[in-house]
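In what follows, a single structure is set out as structure tokens and then discussed.
The sequence lines fix the lettering, A, B, ..., with proteins before strands; numbering per chain opens at 1.
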Amino acid sequence: MKERIKNEMKHAVTYTLKKKDNKTKARRGVLHTPHGDIQTPVFMPVGTQAAVKAVKPEEIKGMGAGIILSNTYHLYLRPGHELIKEAGGLHKFMNWDGAILTDSGGFQVFSLGPLRKISEEGVEFRSHVDGSKHMLTPEKVMEIENALGSDIMMAFDECAPYPADRTYVKNSLERTNRWLKRCKDAHHNTDHQALFGIMQGGMYQDLRKESADYIVGLDLPGYSIGGLSVGEPKELMYEVLDYAVDYLPEDKPRYLMGVGSPDALFEGVERGIDMFDCVLPTRIARNGTAMTSTGSVAIKNAKYERDFSPLDSECDCYCCKNYSKAYIRHMYKANEIMSSMLLSHHNLHFLIKMMEGIRTSIEEDRFSAHKKEFFAKYYGK
RNA sequence: GUGGGCGUAGUCAAGUGGUUAAGACACAGGGUUGUGGCUCCUGCAUGCGUGGGUUCAAAUCCCAUCGUCCACC
């Protein structure tokens, strides 16, 4: 408790570890943010452009989600962070009173590869919207995230590609470390916004250690593991997680960036991860796939043409309570936005409830058994 | 009845003598992991209304026939 009070005075976001699983590294905790407490492990829906695509904030709230993600790079380009500040901050602008985590644009350094140039100073981007040139530096990113007013601000990093050779990854992570220090120095709103550091290091154990030692040394309110889920085999990602999590302190939240398939969420939790985000549930929803307790359902498949049952007989979401597979299929085939709305709603609900189940299983010391049961049903193994 | 046009995949069609018949939509699968995505990838006519013929070679030329549309009686 003493530690908690000390932390609260120091950081806008703090973490309370409530329980550790008796067999695995899974842990149950609470993330205290200026916009509410978040039960962990947690899955955070992604709303890149200040909107979780096809889903209204009140729906997300209704599912029990307390925190969503948004993106610095996108909001800086459009509509501009000054405009959002003028609107009263991102929470007010998008009508979301829960917590918000903003990604820094570090992932866009990776995903917009051909459109950017990296230097010690920062990254020069060519806007994917209109081709205009922009320079993002750690200081600029802090200015933007401060203007947005997110609860958790991710540091500006480089998410290195996979595969990447050792020398590249080492240089990259050391530059990312220097950028992190600059982020910390440029961040002046520490009592309202928490800056999280990002561990890089690719698939190299010693580099993961080097990265972790540095970022942990800066005593930040939370740490994330970046540079994973960038195309490497899942087994390799789990292998990295096996050791990477151990390099992070127990009293701070650990966030695995960009991971969201049901199996990876379980594997991440098992290795001690507290926070996840991913576009997967909303993206595959828009492309016609649902996550259900018995596996994924590609709604466009002909076998659902006359299937008047809900997506998931065990699901109590708005979509499953009111609509059939046949209807959703028809909406999808007819290019009606309704299919994106219903499937996105369902998928987010599914993952959020799945995380709820994971949390309960940790509390009751039956995480491993729960994982086994879930996999047997979901993947048929 | 006479004259003319047209018949190529489920649909709309390119192709007018020369290797395995464009393309689009539809249809059928698959992908998607800190969102450059109502998207991307793959498959889908052993056959060109039908039957003959000419030719080394025919969706393409000729004859017949069926269907269809238009014009005129």
Side-chain angles (χ1 to χ4, degrees), chain A residues 43-55 67-75 77-78 100-116 125-131 141 145 150 152-162 176 196-200 222-234 237 255-265 267-268 273 275-291 296-305 329 331-344 347 351:
Chain A
F43 174 78
M44 306 180 283
V46 178
T48 303
Q49 310 202 74
V52 176
K53 292 182 194 291
V55 188
I67 180 169
I68 62 173
L69 204 89
S70 200
N71 190 289
T72 300
Y73 166 83
H74 296 264
L75 295 179
L77 286 185
R78 183 174 57 192
I100 299 177
L101 180 151
T102 40
D103 188 24
S104 61
F107 184 72
Q108 280 63 46
V109 178
F110 160 73
S111 67
L112 267 46
L115 296 180
R116 92 299 193 252
F125 287 96
R126 266 191 32 223
S127 162
H128 69 279
V129 179
D130 62 8
V141 168
E145 294 192 282
S150 51
I152 297 172
M153 312 164 31
M154 297 311 298
F156 190 48
D157 68 327
E158 181 197 353
C159 176
Y162 174 85
T176 285
F196 276 28
I198 304 176
M199 182 208 295
Q200 290 293 341
Y223 301 101
S224 77
I225 298 176
L228 290 179
S229 200
V230 287
E232 79 283 7
K234 272 185 180 173
M237 176 172 87
Y255 163 29
L256 175 58
M257 308 181 83
V259 166
S261 63
D263 58 333
L265 291 175
E267 299 294 344
I273 300 294
M275 304 161 67
F276 303 85
D277 81 281
C278 196
V279 305
L280 192 69
T282 46
R283 178 179 290 173
I284 65 174
R286 275 174 282 122
N287 293 331
T289 299
M291 295 170 171
S296 67
V297 168
I299 203 65
K300 63 182 159 185
N301 287 175
K303 62 182 168 184
Y304 301 120
E305 188 177 16
R329 179 174 195 273
M331 289 294 100
Y332 182 79
K333 301 291 277 187
N335 284 319
E336 284 292 346
I337 297 166
M338 183 64 79
S339 76
S340 293
M341 293 166 61
L342 293 174
L343 287 171
S344 297
N347 283 352
L351 285 188

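With the 3.5 Å cutoff on both pairing distances, Watson-Crick and G-U pairs in RNA chain B assemble into runs of at least 3 at B:1-7 with B:66-72, B:10-12 with B:23-25, B:27-31 with B:39-43, B:49-53 with B:61-65.
Straight-line distance between the C1' atoms of B:G4 and B:C38: roughly 48 Å, to the nearest whole Å. Rounded to whole Å, the separation between the P atoms of B:A26 and B:U19 comes to 31 Å. Comparing B:G47 with B:A9, their P atoms sit 13 Å apart, to the nearest whole Å. Here, B:A57 and B:U16 have their C1' atoms 16 Å apart, quoted to the whole Å. Only the C1' atoms considered, B:C48 is 14 Å distant from B:C6, to the nearest whole Å.
Contact between the side-chain N/O atoms of A:Arg283 and the OP1/OP2 oxygens of B:G37 is not found at any separation under 4.0 Å. OP1 or OP2 of B:G29 sits under 4.0 Å from a side-chain N or O of A:Asn301. Side-chain nitrogen and oxygen atoms of A:Asn287 include none within less than 4.0 Å of the OP1 or OP2 phosphate oxygen of B:G31. Close to B:C25, at under 4.0 Å from its OP1 or OP2, lies no side-chain N or O of A:Lys333.
Among the atoms of the strands shown, base atoms are found under 4.0 Å from some heavy atom of A:Gly227. Within the 4.0 angstrom heavy-atom criterion, base atoms lie near A:Gln200. The residue A:Leu69 sits close only to the backbone: its heavy atoms come under 4.0 Å of sugar-phosphate atoms, none of a base.
In this structure, the CZ atom of A:Arg329 is 9 Å from the C1' atom of B:C27, given to the nearest Å.
Between A:Gln108 and A:Lys234, the one whose closest nucleotide on RNA chain B sits nearer the 5' end is A:Lys234. A residue-by-residue look at A:Val46 and A:Ile337 shows that A:Val46 has its nearest nucleotide of RNA chain B further toward the 5' end.
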Just the table, please: protein N/O against nucleotides 41-43 of chain B N/O, every pair under 3.5 Å.
none

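With 3.5 Å as the limit, one finds a donor-acceptor pair spanning the side chains of A:Asp130 and A:Ser127.
Interface remark: the A:Ser111 side chain does not form any donor-acceptor pair with the B:U35 base, using a distance-only criterion of under 3.5 Å.
Aromatic rings from A:Phe125 and A:Tyr73 are positioned such that their centres are separated by under 6.0 Å.
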